[in-house]
Amino acid sequence: MRDGPNARWLLLGASGLVGTHLQGALRERNVVMTSNRSQVPGAVTLDLTDGAATARLIGETRPDIVVVAAANAFVEECEREPEATRAINVDAVRRVAEAAPDALLVVFSTEYVFDGKAGPYVEDDAVGPINEYGRQKVALEAIARERAAHLVCRVSGVYGWSAARLSFVHQLVDRLRAGRRMRVPSDQVITPTPGPDLARTIVELVDRGARGTFHAAGPEILARPDFARRAAETFRLDASLLDMVPTAALGLVAPRPLGVGLRTEKLRDFLGHGLPASVEGLAAMRNAEPRP
Ligand SMILES: NC(=O)c1ccc[n+]([C@@H]2O[C@H](COP(=O)([O-])OP(=O)(O)OC[C@H]3O[C@@H](n4cnc5c(N)ncnc54)[C@H](OP(=O)(O)O)[C@@H]3O)[C@@H](O)[C@H]2O)c1
């Protein structure tokens, strides 16, 4: 396997929130990117549920590193449509793994692999998902771990700009700027993760030969209302438009693990640094806002 600057990367799902930031982090690298329904300049169109097309692309590109940022990451949709979402979140990734048996396989997972009863969690804590999205991610992690050369990156609350999918902070900014109210779960915690830094961290982990499971998340575990207020403050918006509502009152189909949160000591020990805290990450997002 070629590594370092010579390695050939295949980025599946370059159009998503995480994928958008990975595009930036891989700008100087030898990379083939794919999108599905969105248009991304320079990206190949690929529906990962098409096994033949997936195998063909992998055969043509012969990647050293395959990053699977493509997924159906909508927790409610996973609960409502378990088979259709499993087809992309699990089955398609299994085919990718089979088509690229010698590549380093990088996949993204979530704190929803845990039940939230005893968080925050370290990488080796026992999983116990309470919704379909979490169960699919447990299955995805198992596929990655079938090979030695894998990286499972558990992330949470990614924020940043992206055209295709609006992060929580992006939605908050749009709504509050328009003077609209926004409901925020009062009893959920997140580990806010700045997208650009997450992307650079993934590349750094690969470059430095990391293998296994990492909580690739920011350094703080915050109550969602605190993070939402901090975002409003950073963008100088009216936080009184935020309505803090218990999860049970939101009418969601998928149960949410409330006391989750990702501890990131392993990442910091490995890299010698962590990701920026939310005050810094949100300020960087504000400064990077695309001009209309
Ligand atoms: N964002 C978070 O806070 C968060 C938290 C925990 C875990 N994660 C995990 O991180 C990963 C990336 O999440 P994200 O937030 O970047 O998701 P996202 O913004 O919803 O992006 C999803 C990506 O998947 C692609 N995709 C969907 N269906 C596809 C298909 N059938 N074939 C090919 N590509 C397909 C989309 O392509 P098109 O748009 O072009 O159709 C898009 O590029 C996911 O595994 C997610 O579960 C994210």
Side-chain angles (χ1 to χ4, degrees), residues 10-25 33-54 57-58 66-78 81 84-93 95-96 105-114 129 131-141 143-144 151-171 188-199 201-202 214-218 224 227 254 256-257 260-262 275 281:
L10 176 61
L11 171 57
L12 302 170
S15 47
L17 176 57
V18 172
T20 297
H21 294 291
L22 280 165
Q23 281 183 53
M33 304 180 290
T34 76
S35 62
N36 183 32
R37 280 181 280 200
S38 317
Q39 296 294 320
V40 173
V44 178
T45 300
L46 176 70
D47 180 350
L48 276 168
T49 60
D50 181 340
T54 303
L57 181 71
I58 291 173
V66 180
V67 183
V68 187
N72 184 320
F74 294 95
V75 178
E76 290 291 282
E77 217 172 305
C78 291
E81 308 271 350
T85 52
R86 207 164 252 269
I88 169 76
N89 288 346
V90 181
D91 303 338
V93 185
R95 284 193 300 270
V96 168
L105 184 64
V106 182
V107 300
F108 290 94
S109 186
T110 164
E111 75 268 53
Y112 281 15
V113 295
F114 299 114
N131 58 37
E132 176 62 17
Y133 176 67
R135 286 189 289 275
Q136 292 181 6
K137 289 300 186 183
V138 168
L140 167 78
E141 292 188 358
I143 291 168
L151 263 181
V152 171
C153 298
R154 293 195 187 125
V155 304
S156 164
V158 179
Y159 58 97
W161 306 109
S162 106
R165 178 167 175 201
L166 306 190
S167 66
F168 170 72
V169 175
H170 193 157
Q171 291 177 45
Q188 291 183 21
V189 296
I190 56 167
T191 315
T193 304
D197 302 274
L198 168 65
T201 296
I202 302 302
F214 284 85
H215 290 174
R224 234 178 222 279
F227 180 59
R256 299 305 202 266
V260 280
L262 297 175
L275 277 75

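Remember, it's 1-based here, ligands and their atoms both numbered in the order they're listed.
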Given the options T110, N131, T85, N72, Q136 meets side-chain hydrogen bond (donor to acceptor under 3.5 Å, both in side chains) only with T85
Regarding ligand 1, does F74 bring an N or O atom to under 3.5 Å of one of the ligand's N or O atoms? no
Tell me: protein heavy atom nearest atom 44 (C) of ligand 1, and distance? A71 CB, 3.6 Å
Ignoring angles and geometry beyond distance, decide whether L17 reaches within less than 3.5 Å of ligand 1 through its nitrogen or oxygen atoms. yes
Is a side-chain N or O of S167 found less than 3.5 angstrom from the main chain of G160, in a donor-acceptor match? yes
Protein residue, atom and distance nearest to atom 12 (C) of ligand 1, heavy-atom basis: A69 O, 3.4 Å
If you have a sec, work out which protein heavy atom is nearest atom 17 (O) of ligand 1 and how many Å separate them, to one decimal? R165 NH1, 3.5 Å
Y159, F168, F108, Y133: member with heavy atom nearest to atom 46 (C) of ligand 1: Y133
Side chain or backbone, does L48 bring an N or O within less than 3.5 Å of an N or O on ligand 1? yes
Any V96 side-chain heavy atom under 4.5 Å of L10 side chain: no
Top protein contact for atom 21 (O) of ligand 1, by heavy-atom distance: G16 CA, 3.2 Å
Closest candidate by heavy atom, reference atom 33 (C) of ligand 1, pool V75, L46, V18, T54: L46
Check: G19 N/O within less than 3.5 Å of ligand 1 N/O: no
Taking only residues two or more places apart in sequence, or in another chain, which ones meet R224 in a salt bridge (charged side-chain N to carboxylate O under 4.0 Å, His left out)? none
So V189 and F227, do their side chains get closer than 4.5 Å, heavy atoms only? no
Is ligand 1 under 4.0 Å from a heavy atom in the side chain of K137, in the backbone, in both, or in neither? side chain
Side-chain contact test, heavy atoms from C-beta onward, threshold under 4.5 Å: evaluate it for R256 versus V75 and give yes or no. yes
Contact between R86 and E132 at the side-chain level, heavy atoms closer than 4.5 Å - yes or no? yes
Contact between V40 and Q23 at the side-chain level, heavy atoms closer than 4.5 Å - yes or no? yes
Return the closest protein heavy atom for atom 31 (N) of ligand 1 as residue, atom name and distance. D47 OD1, 2.9 Å
In the protein, which heavy atom is nearest to atom 43 (O) of ligand 1, and how far is it? S15 OG, 2.7 Å
Look only at the side chain of S35 and the backbone of T45, and say whether a donor-acceptor pair between them is shorter than 3.5 Å. no
Is there a heavy atom in S109 that sits closer than 4.0 Å to ligand 1? yes
Is any side-chain heavy atom of P194 closer than 4.5 Å to one of Y159? yes
Select one of side chain, backbone, both or neither to describe which atoms of S38 lie under 4.0 Å from any atom of ligand 1, heavy atoms only. both
Partners of Y112 by ring-ring contact (aromatic ring centres under 6.0 Å, His included), sequence neighbours excluded? none
Can you find an N or O of T110 that's nearer than 3.5 Å to an N or O of ligand 1? no
For ligand 1 and T49, I'd like to know whether there is a polar contact (N/O to N/O, distance under 3.5 Å). no
Report the part of N72 (side chain from C-beta onward, or backbone N, CA, C, O) that has a heavy atom under 4.0 Å from ligand 1; answer both or neither where that applies. neither
Do side-chain atoms of E111 reach the backbone of R154 as a donor and acceptor pair under 3.5 angstrom? no
If you measure every N/O of V158 against every N/O of ligand 1, is any gap under 3.5 Å? yes
N/O donor-acceptor pair under 3.5 Å between T193 side chain and V155 backbone: no
Pull out every atom of ligand 1 sitting under 4.0 Å from any heavy atom of G157, numbered as shown with elements. 3 (O)
Ligand 1-proximal atoms of V155, by part, heavy-atom distance under 4.0 Å: both
For ligand 1, which is the ligand I care about here, please tell me if N36 has any N or O atom under 3.5 Å from one of the ligand's N or O atoms. yes
If you scan protein heavy atoms around atom 41 (O) of ligand 1, the nearest is R37 N, 2.8 Å
When you compare the side chain of N89 with that of L140, does any pair of heavy atoms fall below 4.5 Å? no
Sub-4.0 Å atoms of ligand 1 with respect to non-hydrogen atoms of I88: 29 (C), 30 (C), 31 (N), 32 (N)
